[in-house]
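Keep in mind the model is a prediction, meaning the values are calculated, not measured. All ligand and atom numbering here is 1-based and tracks the order in the structure.
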Amino acid sequence: LGVVLLLSGLGAILVSVVGAGAMVPTPAGRVAPADVRTTPPFDNPGVREIEPGKYEAVIIAQIWSFVPNEIQVPAGSEVTFRVTSADVIHGFFIENTQVNAMVIPGQITEVTQKFDEAGEYLLICHEYCGIGHHNMWGRVVVTE
Ligand code: CUA
C-alpha cells in the first residue's frame, strides 16, 4: 500500500508538471534591496502604458507602504505589476483578482492581471511585515 501511495503521489506530480505545466515560481529579475530606489525601473515607480491597452505598474513595497499606493487604469486594461521590496518580505494581494504574490527582498515579482470591471480594487500586504503591517495597503482604480 505504501508503494502504491508513493507511486500515485509521484504520478500526480508528473501529471501536474508535464501535463498542466505547473512549476515553482522563479524571480522575474533581481535587484539589490539597498539600491532599489536608484535601479531602473524602480527609480521611477508608477504606471505607464507600454502598448495600447497594456500597462506596466512599477511598485516598491517597503515598511509600511506601497510606492505608489494608488494606480489608475481604464477598464479593459491588462496590467503587468513589477514589484520589489526595499526591506523585508511583503505580500501583494489585490481583492477580486488572481493577484496573490510574495514580494521578497532582492527579487522582482511579476504578475499580470486584466481589469475588465471598473471600480476600486483594494491592494494589501498579506505577509506580516512588522508593527505597521495592517496599514500597508493601496488601491487600483479602474476607470470607465
Ligand atoms: Cu508589508 Cu505586511
Side-chain angles (χ1 to χ4, degrees), residues 5-144:
L5 286 174
L6 187 65
L7 289 178
S8 59
L10 287 173
I13 292 172
L14 204 65
V15 168
S16 312
V17 171
V18 178
M23 55 183 164
V24 173
T26 52
R30 296 188 184 275
V31 52
D35 302 330
V36 163
R37 289 175 189 85
T38 54
T39 306
F42 298 100
D43 58 343
N44 185 20
V47 65
R48 49 198 146 261
E49 192 169 18
I50 45 177
E51 58 182 273
K54 292 196 175 179
Y55 292 80
E56 174 190 61
V58 174
I59 296 176
I60 299 172
Q62 59 183 27
I63 47 174
W64 289 284
S65 63
F66 293 103
V67 180
N69 70 353
E70 182 176 315
I71 66 156
Q72 271 195 34
V73 291
S77 302
E78 186 180 283
V79 183
T80 297
F81 295 91
R82 291 203 171 82
V83 194
T84 194
S85 169
D87 38 53
V88 301
I89 292 178
H90 297 282
F92 193 80
F93 176 88
I94 303 175
E95 67 169 352
N96 300 323
T97 69
Q98 298 291 317
V99 178
N100 180 341
M102 288 178 79
V103 184
I104 299 170
Q107 299 188 2
I108 298 171
T109 296
E110 198 175 282
V111 56
T112 299
Q113 173 70 38
K114 192 152 191 274
F115 292 91
D116 287 321
E117 309 253 323
E120 282 195 13
Y121 295 75
L122 189 64
L123 156 66
I124 61 165
C125 173
H126 65 327
E127 289 283 340
Y128 183 73
C129 56
I131 197 157
H133 164 69
H134 61 284
N135 288 325
M136 190 166 170
W137 61 279
R139 72 186 129 214
V140 177
V141 178
V142 179
T143 55
E144 294 285 355

Kindly indicate whether the side chain of [X], heavy atoms from C-beta on, has any atom under 4.5 Å from the side chain of [Y].
X: Thr109; Y: Pro27; value: no
X: Phe81; Y: Leu123; value: no
X: Ile63; Y: His90; value: yes

Residue and atom, protein N/O/S, under 2.8 Å of atom 2 (Cu) of ligand 1: Cys125 SG, Glu127 O, Cys129 SG, His133 ND1

For His126, the option from Trp137, Phe93, Phe92 that meets ring pair (Phe, Tyr, Trp, His ring centres under 6.0 Å): Phe93

Residue pairs fulfilling salt bridge (charged side-chain N to carboxylate O under 4.0 Å, His left out) with at least one residue in residues 48-68, sequence neighbours excluded: Arg48-Glu56, Lys54-Glu78, Glu56-Arg82

Worked check of side-chain contact (heavy atoms from CB on, under 4.5 Å) between Asp35 and Val31: CA-CA 7 Å; Asp35 302 330; Val31 52; 5.5 Å; no

